Number of protein chains: 2
Amino acid sequence: MKPGVSPDTFPPRSHEAKRVSVVDAAASVFCREGYAGANIDLIAAEAGVSRQTVYNHHGDKEKLFVAVVRDLTERCNAGIFATIASFPDQPTDLEADLVAFAVRMNRNCICNRDGRFLRKLIQAEGGRYPELFAEWREQGPGRTWSALAARFARLAFAGHLSIGDPDVAARQFLALVNAELQITFMLGGVPTEEEVLRSATNGVRTFLSAFARKKSPAGKQAALVHA
Amino acid sequence: MKPGVSPDTFPPRSHEAKRVSVVDAAASVFCREGYAGANIDLIAAEAGVSRQTVYNHHGDKEKLFVAVVRDLTERCNAGIFATIASFPDQPTDLEADLVAFAVRMNRNCICNRDGRFLRKLIQAEGGRYPELFAEWREQGPGRTWSALAARFARLAFAGHLSIGDPDVAARQFLALVNAELQITFMLGGVPTEEEVLRSATNGVRTFLSAFARKKSPAGKQAALVHA
DNA sequence: ACAAATTTAGACAGGCTTGTCCAATTCGTC
DNA sequence: GACGAATTGGACAAGCCTGTCTAAATTTGT
């Protein structure tokens, strides 16, 4: 385990671990107390390190804040694109598949620790670091909407939906499945699994009512009405 | 100008005026800097009064903050209900009337100074004053949704829409007409008139596609189904 | 014009926070 | 076991902020 290149022993082992736990604790404290109210001593205590270690690793409060935002942005984007990769391109039950996708999106990206923290930091400090959050906006929501719009366009092309503008549809999809969670988000709360499921179900139903395939053979429409 | 009751001289004339300008300046500073970062000297300067006057009127920082939130809540609610009163109960052009209503809602309640400030304070400090913002939640969004749901139910009853759950429809209406403004709201920006109009138009179109009257006697196919 | 209330500017103590410095200690590696 | 790097705890100066106090100036009502 010692000689040569051992499998899982990196030179800065506990060093890097401390760095991570400082960033994690800082994210939590910055969110709870705001940038001005965040206290380096508290961050250090919550990370289980001394104050001096915080300064050794990150220089000063502002650099630490930037490191926190970059960290959260990166992890959130990774989660979002991983989830979008699971979009139901060949749905068997369109409603059920889209509801499941929306629930995954919420659970893995929007309601989890990173998502809640990043959202709050953007809302609270967005005005003070324009370039930092402009970067997030391009890399995050911008690409999210594009990717999602492409998936919806594909569903429309395959005849499952009737969509005018896929970009608008993608944004409206996200707005609809989160419609009933807005207040909870605003107050910083975490919706229950039931709330997420209900909002997603209601949202997807309305979405499908609006974007259901419209140009279909008359016979099929009649059959649909009968059912 | 001296004897009797002069026309525009209230006993606490400039006194009350100063109180208002202190609250206004405080709202601005609390939003920009956060509660912890807000500086009483800066608030006093921005209000054009001395620091001591701030303390004379409001006691301490926390009481001032509460006064600001109550003030914003009251004004925002008043604006919201005034706007809901202009809901198109007897629409001539349903789409155009709903778009105009959505634009009014955005301009007068959500994007104006009070709306932006209150939203930011709730997001930033909601966790620290649970009872204060719980009160807002009941009086504001709770009653807003109810009132709006009642209006939509009326439209459905009159045969203009086909709605399952009016409460869900009301929340989804608001979510849809704001779908394209979310990011701007998050970053604390003010959307342009064009953006508001576009988001409202796209949102109302999708809303009407989803909730358009389905069982109408107009279509021939529908008549067939009726039989 | 007079008297009362309000406002102002400034000084002030007390507390808290950031960021630095340093000696002692612990940790990882050879 | 020994060496060097990282970490710790604490002291420290400097600055900022809140909230109070005072005496002078201003405004308000009569």
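Just so we're clear, the structure is a prediction, and the values are computed from it rather than from any experiment. Order of the sequence lines sets the chain letters (A, B, ...), proteins ahead of strands, with each chain counted from 1.
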Measure from CD on B:Glu16 to C1' on C:dT7 and round the result to the nearest Å. 15 Å
Interatomic distance, B:Arg51 CZ vs C:dT8 P [rounded to whole Å]: 12 Å
Integer-rounded Å distance: C:dT7 C1' and B:His15 NE2: 11 Å
Does B:Ala38 reach a base, just sugar-phosphate, or nothing at all? Heavy atoms under 4.0 Å. sugar-phosphate
Heavy-atom nearest nucleotide on DNA chain C taken for A:Ile40 and for B:Gln52; more 5' hit belongs to B:Gln52
Taking for A:Gly48 and for B:Lys61 the nucleotide of DNA chain D with the nearest heavy atom, the one nearer the 5' end belongs to A:Gly48
Return no unless some side-chain N or O of A:His57 is found under 4.0 Å from OP1 or OP2 of D:dA6. no
Please determine whether a side-chain nitrogen or oxygen atom of B:Asn56 lies at a distance below 4.0 Å from atom OP1 or OP2 of C:dT6. no
Can you tell me if the side-chain N/O atoms of B:Lys18 get under 4.0 Å from OP1 or OP2 in C:dT8? yes
With a 4.0 Å limit, can you tell me whether B:Thr53 has a side-chain N or O closer than that to the phosphate oxygens OP1/OP2 of C:dT6? no
Report the residue from A:Arg19, A:Lys18, A:Arg75 that forms a salt bridge (Lys or Arg N to Asp or Glu O under 4.0 Å) with A:Asp24. A:Arg75
So B:Ala44, base contact, sugar-phosphate only, or nothing? Heavy-atom distance under 4.0 Å. nothing
